[in-house]
Chemist: 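One structure coming up, written as structure tokens, with questions to follow.
A, B, ... follow the sequence lines: proteins, then strands. Residue 1 opens every chain.
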Protein chains: 2
Amino acid sequence: MVSIVSVAKAAGVSNKTVSRVINGEPYVTEETRERVEKAIRDLGYVPNMAARLIRSNRSNTFGIITDYVSTTPYSVDIVRGIQDWANANGKTILIANTGGSSEREVEIWKMFQSHRIDGVLYVTMYRRIVDPETGDVSIPTVMINCRQQTRELLPSIEPDDYQGARDLTRYLLERGHRRIGYIRLNPILLGAELRLDAFRRTTSEFGLTESDLSISLGMDGPVGAENNYVFAAATEMLKQDDRPTAIMSGNDEMAIQIYIAAMALGLRIPQDVSIVGFDDFRTVTMALKPELTTAALPYYDLGRDGAKWLNDLIGGEKIYPGSRVISCKLVERSSAAFGPRQASRSSTA
Amino acid sequence: MVSIVSVAKAAGVSNKTVSRVINGEPYVTEETRERVEKAIRDLGYVPNMAARLIRSNRSNTFGIITDYVSTTPYSVDIVRGIQDWANANGKTILIANTGGSSEREVEIWKMFQSHRIDGVLYVTMYRRIVDPETGDVSIPTVMINCRQQTRELLPSIEPDDYQGARDLTRYLLERGHRRIGYIRLNPILLGAELRLDAFRRTTSEFGLTESDLSISLGMDGPVGAENNYVFAAATEMLKQDDRPTAIMSGNDEMAIQIYIAAMALGLRIPQDVSIVGFDDFRTVTMALKPELTTAALPYYDLGRDGAKWLNDLIGGEKIYPGSRVISCKLVERSSAAFGPRQASRSSTA
DNA sequence: TTGTATGCGTTATCAT
DNA sequence: ATGATAACGCATACAA
């Protein structure tokens, strides 16, 4: 491999001068600079990061550690957000996944340490509570889409499920719906409770009572092998005489089954039932006809902001508190319409 | 940071002996080995990869370079396959994505080279033809889910779309279907032609003629912003008097719209129409009711085998030819039933 | 403006 | 079986 010395020889200068050119330091004549640059090109020289790191003790590398439950493919946008930020800021990304094994997780932390990683982004594919098994290594870390039980040891950045569900509920309410169904997400997901809670509170603020609501469990059981009650629950819900005029789905995927249930009963969407989802999993939201109104999980932003935050942390900034939340944007498409009685309140927030 | 020398001092041996222990080399007494290991634990020593690389010139690192069109979230399983293999074999993974920019791609190759990466896995999220913009760097490379136009310069490993579509077609044929519809994938995807081709040939082998087939374009246009004709095409197809008794969908996502179209026309699945997909994108295949029979794209295997192959390549093996293909497994669920006239041939392959 | 010497943490070589 | 020492490619301090 061609090193800095060979370049120096070829250009007829010392290695230090080559170093200066590479790092854009001052005090190099334009002429020598050009000679060195030519030598670099001619020899195809590329600096050796490892050698650089060994001196400067700064790897300019972030590690990503994920659990990769293969069933949530869409949250890879988190990783994309991280990578884009890294790319724009000259950082390198090392990636590893635990596959759920905590032994492997310990190994990964060790591996990261042996690469002298500057910081770690700990990301989960589902929003959940976790306690990183760092072994005894300590590296600046930001948690993305998750947080610790023992609160705020590590900074975390998460989507605002509550706000997203609240906006969605208001959206329905403002369109005059007064009987609303809700099909619940798997309770083991952190978002489940938050979303349901937002639904309950918001409907109640608008004066709806428990009897105006129709709430069913859509799924439960372990992630990746859950029991699926969505179709049955939706069918049940929509068969009632005083059926809801709108249904909120725990997420977009579950909305597929609600669509099918509604259609099987001869109901039109959105004329007879309005349906809204959650996540903005575009593969689903765009495939459904009519396209699904939903709240977008800010995955990309989570990744990008997380990387930025980690960088600040590494830089020694301590300004931030322990936990941050990013809002979910309501994406209006055409699966929800005005309810049977026209809006009794103002129509837009 | 604690180095090999401090460990050596603590254990009262030379640095070389510590090195021997770390690397599991022979010629160390059990006793000294234990003493060294204790020192390592006590001091929390972790080897510095950068320093190791600088001597041995082996980074034990693979780079993954992807285009990350955010619309195909499921092919991340390729990356998972790579990572799992890497994890099991002590390799580290560096990851970067081009975002479609070829300038960035050149930078990435440079970056990889400066990290003295052992090999590169070039993966695309859609199966397609690409020519890697390596600049002038040359590192052992395996292409995954794609291949070059200028054929076989680089080894490649791809899913067998043809075989998958052939199996699916046979499956329908063997169940007695003699009028079959096909809704085509976006023609710019490499799989599109292959799948359609398999469909055409296989039906023809079974004696069907062009008039028994009903073929429509489902989508076209650029990836991520395509025109979507699926719903309309399916509706059109199923409204005919001599409508097909089975429809093959270009992929699973498109099947959602076919389901909805069928149900809107009051058709039951699979009693009135059988439907099969392609990809086994589980978010969709499991959400659809009845669950979708499909052919599984072997993403995980693609990644794992690709990594293994790359490793062989790096090890100097030249045994393999330029291109490999991995078969797509038919996943039988409940969206396809026997056609109107019972099977005229044997019922299982 | 440029060069020399030294050190980083590891492995390799050659002794012992 | 173990150790002393060089060497890897680069940056840093300091000298010229």
Side-chain angles (χ1 to χ4, degrees), chain A residues 1-40 43-61 90 92 110-118, chain B residues 1-40 43-61 90 92 110-118:
Chain A
M1 193 84 275
V2 31
S3 84
I4 208 170
V5 211
S6 21
V7 175
K9 258 181 208 136
V13 296
S14 81
N15 51 1
K16 177 58 197 174
T17 301
V18 177
S19 176
R20 273 194 260 268
V21 172
I22 294 166
N23 298 307
E25 289 171 28
Y27 304 127
V28 183
T29 341
E30 197 47 43
E31 191 228 316
T32 39
R33 159 161 282 123
E34 273 165 19
R35 216 167 58 242
V36 171
E37 273 164 356
K38 181 173 181 332
I40 289 179
L43 275 62
Y45 167 77
V46 175
N48 184 329
M49 288 315 212
R52 180 173 294 178
L53 161 61
I54 218 180
R55 288 289 308 162
S56 56
N57 232 22
R58 246 308 153 68
S59 60
N60 276 315
T61 300
T92 303
K110 273 237 174 66
M111 186 267 274
F112 279 175
Q113 194 179 26
S114 81
H115 280 274
R116 300 302 188 263
I117 290 234
D118 293 336
Chain B
M1 193 86 273
V2 31
S3 83
I4 209 170
V5 209
S6 22
V7 175
K9 258 180 206 136
V13 297
S14 80
N15 52 359
K16 177 59 195 174
T17 301
V18 178
S19 177
R20 275 194 258 266
V21 172
I22 293 167
N23 298 305
E25 289 170 27
Y27 304 128
V28 184
T29 342
E30 195 47 42
E31 191 228 315
T32 39
R33 159 162 282 122
E34 273 165 18
R35 216 167 59 241
V36 170
E37 273 164 356
K38 181 172 181 332
I40 289 179
L43 275 62
Y45 165 78
V46 176
N48 184 328
M49 289 314 204
R52 177 173 295 176
L53 162 61
I54 219 180
R55 276 299 309 175
S56 59
N57 232 20
R58 246 309 153 67
S59 61
N60 276 314
T61 300
T92 304
K110 272 240 174 65
M111 187 267 277
F112 278 175
Q113 195 180 24
S114 81
H115 280 274
R116 301 302 189 262
I117 291 234
D118 293 336

Chemist: Could you verify whether a donor N or O on one side chain and an acceptor N or O on the other, from Thr92(B) and His115(A), lie under 3.5 Å apart?
Modeler: yes

Chemist: For Lys9(A), does the NZ atom have more than 12 heavy-atom neighbours from other residues, nucleotides or ligands under 6.0 Å away?
Modeler: no

Chemist: In whole angstrom, what separates Arg52(A)'s CZ from dC8(D)'s C1'?
Modeler: 16 Å

Chemist: Where is the tightest heavy-atom contact between Val36(B) and Val7(B), given as atom of each residue plus distance?
Modeler: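 In terms of heavy atoms, the two residues are closest at O-CG1, 4.3 Å.
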
Chemist: Using a cutoff of under 3.5 Å, can you pull out all pairs of nitrogen or oxygen atoms linking the protein to nucleotides 14-16 of chain C, with atom names and distances?
Modeler:
none

Chemist: Compare all side-chain heavy atoms of Ile22(B) with those of Ile40(B) and state whether any distance is below 4.5 angstrom.
Modeler: yes

Chemist: Does any part of the side chain of Leu53(B), heavy atoms only, come nearer than 4.5 Å to the side chain of Ile54(A), both counted from C-beta?
Modeler: no

Chemist: Any side-chain N or O of Tyr27(A) under 4.0 Å from OP1/OP2 of dG3(C)?
Modeler: no

Chemist: Compare the minimum distances between each of dT2(C), dG3(D), dT10(C) and the side chain of Val13(B), then state the nucleotide with the smallest one.
Modeler: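 Nearest listed nucleotide: dG3(D).
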
Chemist: Starting from P on dC10(D), measure out to CE on Met49(A) and report it in whole angstrom.
Modeler: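 Answer to the nearest Å: 11 Å.
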
Chemist: Could you identify which residues of residues 31-40 of chain A place a heavy atom less than 4.0 Å from some atom of DNA chain C, listed by residue number, or say none?
Modeler: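 Heavy-atom cutoff 4.0 Å gives Thr32(A).
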
Chemist: To 10°, what angle do the rotation axes through the five end pairs on each side of the helix from dT1(C)-dA16(D) to dT16(C)-dA1(D) form?
Modeler: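 It works out to 40° between the end axes.
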
Chemist: Over all heavy atoms of both residues, which pair between Val18(B) and Ala8(B) is shortest? Give the atoms and the distance, please.
Modeler: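 Smallest interatomic distance, heavy atoms only, reads CG2-CA, 3.6 Å.
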
Chemist: Give Ser56(A) one of three labels, base, sugar-phosphate or nothing, depending on what nucleic acid heavy atoms sit under 4.0 Å from its own.
Modeler: nothing

Chemist: Between Leu43(B) (CG) and dG9(C) (C1'), how many Å, whole number?
Modeler: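 Taking atom C1' of dG9(C) as the reference, CG of Leu43(B) is at 15 Å.
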
Chemist: Taking CG from Leu53(B) and C1' from dG9(D), how many angstroms apart are they, rounded to a whole number?
Modeler: 10 Å

Chemist: Looking only at side-chain N and O atoms, does Arg55(B) come under 4.0 Å of OP1 or OP2 in dA7(D)?
Modeler: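 No, because none of the side-chain N or O atoms of Arg55(B) sits under 4.0 Å from OP1 or OP2 of dA7(D).
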
Chemist: Check Arg33(B) against Arg20(B) and note the closest heavy-atom contact, atom names and distance.
Modeler: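 Closest heavy-atom pair between Arg33(B) and Arg20(B): NH2-O, 4.4 Å.
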
Chemist: When all nucleic acid strands are considered with a 4.0 Å heavy-atom cut-off, which category describes Asn23(B): base, sugar-phosphate, or nothing?
Modeler: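 Asn23(B): backbone/sugar contact only, no base atoms under 4.0 Å.
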
Chemist: What integer distance in Å separates Asn15(A):CG from dG9(D):P?
Modeler: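 Rounded to whole Å, this separation is 12 Å.
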
Chemist: Closer than 4.0 Å, any side-chain N/O of Ser19(A) to the OP1 or OP2 of dA11(D)?
Modeler: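 Indeed, a polar side-chain atom of Ser19(A) lies that close.
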
Chemist: Give the nucleotide from the list dA1(D), dC10(D), dG9(D) with an atom nearest to the side chain of Ile4(A).
Modeler: dC10(D)

Chemist: State which of dT11(C), dA11(D), dT2(D) makes the closest approach to the side chain of Val28(B).
Modeler: dT2(D)

Chemist: Work out which heavy atom in Ile117(B) is nearest to a heavy atom in Thr61(B); give both atom names and the distance.
Modeler: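 Closest pair (atom of Ile117(B), atom of Thr61(B), distance): CG2-O, 3.5 Å.
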
Chemist: Return the value, rounded to whole Å, for the distance between atom CG of Asn60(B) and atom P of dT10(C).
Modeler: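 The distance from CG of Asn60(B) to P of dT10(C) comes to 15 Å, rounded to the nearest Å.
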
Chemist: Taking C-beta and beyond as the side chain, do Asn23(A) and Arg52(A) meet within less than 4.5 Å on heavy atoms?
Modeler: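 Yes, at least one pair of side-chain atoms sits under 4.5 Å.
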
Chemist: Considering non-hydrogen atoms only, spot the tightest contact between Arg116(A) and Val2(B) and give its length.
Modeler: NH2-O, 4.5 Å

Chemist: Of all heavy-atom pairs between Ser114(B) and Pro47(A), which one has the smallest distance, and what is that distance?
Modeler: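 It is CB-O, 3.1 Å.
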
Chemist: Find the distance Ile54(B):CD1 to dA12(C):P and express it as a whole number of Å.
Modeler: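 After rounding, the gap between these two atoms is 14 Å.
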
Chemist: Please tell me if the side chains of Ser19(B) and Ile4(B) come closer than 4.5 Å, counting only heavy atoms from C-beta onward.
Modeler: yes

Chemist: Compare side-chain N and O positions of Ser14(A) against OP1 and OP2 of dT4(C) and report whether any pair is under 4.0 Å apart.
Modeler: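 The answer is no; no side-chain N or O of Ser14(A) sits under 4.0 Å from OP1 or OP2.
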
Chemist: So does Arg35(A) pair up with Glu31(A), basic N to acidic O under 4.0 Å?
Modeler: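 Looking at Glu31(A) together with Arg35(A), the answer is yes, because their closest N to O distance falls below 4.0 Å.
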
Chemist: Verify the contact: side-chain N or O of Thr17(B) to OP1 or OP2 of dT2(D), cut-off strictly under 4.0 Å; return yes or no.
Modeler: no

Chemist: Select from Thr29(B) and Asn57(B) the residue whose nearest nucleotide in DNA chain D is closer to the 5' end of that strand.
Modeler: Thr29(B)

Chemist: Using whole Å, what does the distance between atom C1' of nucleotide dT13(C) and atom CD of Glu25(B) come to?
Modeler: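 Checked: the CD to C1' distance equals 12 Å.
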
Chemist: Which of these nucleotides, dC10(D), dT10(C), dA1(D), is closest to any side-chain atom of Pro47(B)?
Modeler: dT10(C)

Chemist: Under 4.0 Å from OP1 or OP2 of dC8(D): is there any side-chain N or O of Ser3(A) that close?
Modeler: no

